[in-house]
Colleague: 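First the structure, then my questions, so here it is.
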Number of protein chains: 2
Amino acid sequence: MQLMETPDQRLSALLARLRAHGHRLTPQRVAILRALVHDANHPNVESLHQRILAEFPTTSLATVYKTIALLKEYGEVLELGFGELGSRYDGRRPAPHPHLICTRCGAIRDPDPSGDAELVALVERLAGQTGFAVQSHRLDLFGLCSACRTTS
Amino acid sequence: MQLMETPDQRLSALLARLRAHGHRLTPQRVAILRALVHDANHPNVESLHQRILAEFPTTSLATVYKTIALLKEYGEVLELGFGELGSRYDGRRPAPHPHLICTRCGAIRDPDPSGDAELVALVERLAGQTGFAVQSHRLDLFGLCSACRTTS
DNA sequence: CTAGATGCAAACACTTTGCACCCTG
DNA sequence: CAGGGTGCAAAGTGTTTGCATCTAG
């Protein structure tokens, strides 16, 4: 059994999905998708844009925003909004899952997926008490990653 | 054993805390705190402002923001940021706890606190796997409240 | 009295939108 | 070669800030 798609497999799936819906695969768009699925640190729009500029120097921020909006329409990207601090994106695992957010260095990583089932059970239990029908959920843990914890 | 402070007890505690730190208790400020602890639906700044205007018609939005910022400094209000949709505030239970957010009517309510211990345990387990030191957390459930679920 | 609070408007950060031009399919 | 995509700048949203005026203690 395969535990997780490779970034390139994921990229192919996204490209196929867009193509199937009649969207064009422009070089900029492909580059944005590639950056999104290869970056494990849940990039924000600004850092995606920087990456794309290296390859396509005229790419605008608006194009990055529009491409992400397109992926959101198809439920293919998970948006982690942080108010005034902007949003970070997970293009690898679009289903809800917990995130570990380092308040010092800003890194965001996924915990091991082994606890996912337990989280879903807890979510359903919390909701069930009051007849709430859950559509989605979000669990964020804020703190210090192991690297930051051991550094002055 | 008392399960939860009454809103008025909570208000007194907040006023005492601010007074102890040398802050002035202006009528507007007291009104904002009162609105905050009496509103169980996690109000946003705009709705707090509307409430205050009824009593003090010249109150500005900036004053509401500043008062909330003050409470945040002392960890006496829980801010639930929702990106472009603005923030909602919980002045009754400033410690992290789950929220049930209705995507139809916008209501936000707390589930029964009985599951809190289990959530904390799960949080610590998810973090422990990778040596992450949790400072805080946030669990939001999005869906339909029981009223909205049974209405066309 | 005087430090701290208020209220207005301008400034801000992130995101979205309008529109002329461009290029994929 | 037609309709979707790009890129620029302008508009929007919620929030913050500067500063003159006011007021609680």
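Note on naming: letters A, B, ... go to the chains in the order of the sequence lines (proteins, then strands), and numbering restarts at 1 for each one. From a predicted model like this one, the values you see are computed outputs, not experimental measurements. Both backbone and side-chain heavy atoms feed into the values below; hydrogens, waters and symmetry mates do not.
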Colleague: Hey, is Arg93(A) close enough to Asp116(A) for a salt bridge, meaning N to O under 4.0 Å?
Modeller: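 Yes, charged N to carboxylate O under 4.0 Å.
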Colleague: Using whole Å, what does the distance between atom C1' of nucleotide dC12(C) and atom CD of Glu84(B) come to?
Modeller: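 Rounded to whole Å, this separation is 17 Å.
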Colleague: Answer yes if the ring centres of His21(B) and Tyr74(B) are under 6.0 angstrom apart, and no otherwise.
Modeller: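 Yes.
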Colleague: Tell me if the CZ atom of Arg109(A) is crowded by more than 12 foreign heavy atoms within 6.0 Å.
Modeller: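 At most 12 heavy atoms, drawn from other residues, nucleotides or ligands, come within 6.0 Å of this atom.
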Colleague: If you assign each of Ala62(B) and Arg19(B) to its closest nucleotide in DNA chain D, which residue comes earlier from the 5' end?
Modeller: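 Taking each residue's closest nucleotide, the earlier one in sequence belongs to Ala62(B).
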Colleague: Quick one: Glu73(B) CD to dG4(C) C1', roughly how many Å, whole number?
Modeller: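 Glu73(B) atom CD is separated from dG4(C) atom C1' by 13 Å.
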Colleague: Respond yes when some side-chain nitrogen or oxygen of Thr67(A) is under 4.0 Å from OP1 or OP2 of dG5(D), and no when none is.
Modeller: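 Answer no for this pair, as no side-chain N or O of Thr67(A) is under 4.0 Å from OP1 or OP2.
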Colleague: Please state how far atom CZ in Phe82(B) lies from atom P in dT15(C), giving the value in whole angstrom units.
Modeller: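 It works out to 17 Å between those atoms.
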Colleague: OP1 or OP2 of dG7(D) versus the side-chain N and O atoms of Thr58(A): is any pair under 4.0 Å?
Modeller: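 Yes, such a contact exists.
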Colleague: Asp39(B) versus Arg51(B): any side-chain heavy-atom pair under 4.5 Å?
Modeller: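 Side-chain contact under 4.5 Å: yes.
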Colleague: Assess whether one donor atom and one acceptor atom, taken from the side chain of Lys66(B) and the base of dG4(C), lie less than 3.5 Å apart.
Modeller: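 Check fails, no donor-acceptor contact within cut-off.
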Colleague: Could you check whether Arg138(B) makes a cation-pi contact with Phe82(B), meaning its NZ or CZ is under 6.0 Å from the centre of the six-membered ring and within 45° of the ring axis?
Modeller: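 Because its charged atom sits under 6.0 Å from the ring centre and within 45° of the axis, Arg138(B) does stack over Phe82(B).
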Colleague: Whether His23(A) contacts dG5(D) is assessed here as follows: a side-chain N or O lying under 4.0 Å from the phosphate OP1 or OP2. Is that the case?
Modeller: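 Looking at the OP1 and OP2 atoms of dG5(D), one of them is under 4.0 Å from a side-chain N or O of His23(A).
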Colleague: Expressed in angstrom and rounded to an integer, what is the separation of Tyr89(A) atom OH from dC14(C) atom P?
Modeller: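 The distance from OH of Tyr89(A) to P of dC14(C) comes to 12 Å, rounded to the nearest Å.
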Colleague: With side-chain hydrogen bond (donor to acceptor under 3.5 Å, both in side chains) as the test, would you mind laying out the steps for His97(A) and Asp110(A) before giving the verdict?
Modeller: CA-CA 8 Å; His97(A) 60 275; Asp110(A) 294 358; 3.0 Å; yes
Colleague: Atom CG of Leu18(B) and atom P of dG25(D): how far apart are they, to the nearest Å?
Modeller: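 For the pair Leu18(B) CG and dG25(D) P, the rounded distance is 11 Å.
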Colleague: For the residue pair Thr6(A) / Asp8(A), report whether a side-chain donor-acceptor contact shorter than 3.5 Å exists.
Modeller: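 Not at all, the side chains of Asp8(A) and Thr6(A) share no donor-acceptor pair under 3.5 Å.
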Colleague: Rounded to whole Å, please give me the gap between CG in Leu85(B) and P in dT15(C).
Modeller: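 Computing the Leu85(B):CG to dT15(C):P distance gives 13 Å.
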Colleague: At under 4.0 Å, does any side-chain N or O of Tyr65(A) touch on OP1 or OP2 of dT16(C)?
Modeller: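 It does not, given that no N or O in the side chain of Tyr65(A) lies less than 4.0 Å from OP1 or OP2 of dT16(C).
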Colleague: Round to the nearest Å and state the distance from Leu80(A) atom CG to dT15(C) atom P.
Modeller: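 Atom-to-atom, Leu80(A) to dT15(C), this comes out as 12 Å.
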Colleague: Mind calculating the distance between CG (Leu33(B)) and C1' (dA5(C)) to the nearest angstrom?
Modeller: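 Leu33(B) atom CG is separated from dA5(C) atom C1' by 13 Å.
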Colleague: Please produce a list of atom pairs where a protein N or O lies less than 3.5 Å from an N or O of nucleotides 21-24 of chain D.
Modeller:
{"from": "dT23(D)", "atom 1": "O2", "to": "Arg24(B)", "atom 2": "NH1", "distance (Å)": "3.1"}

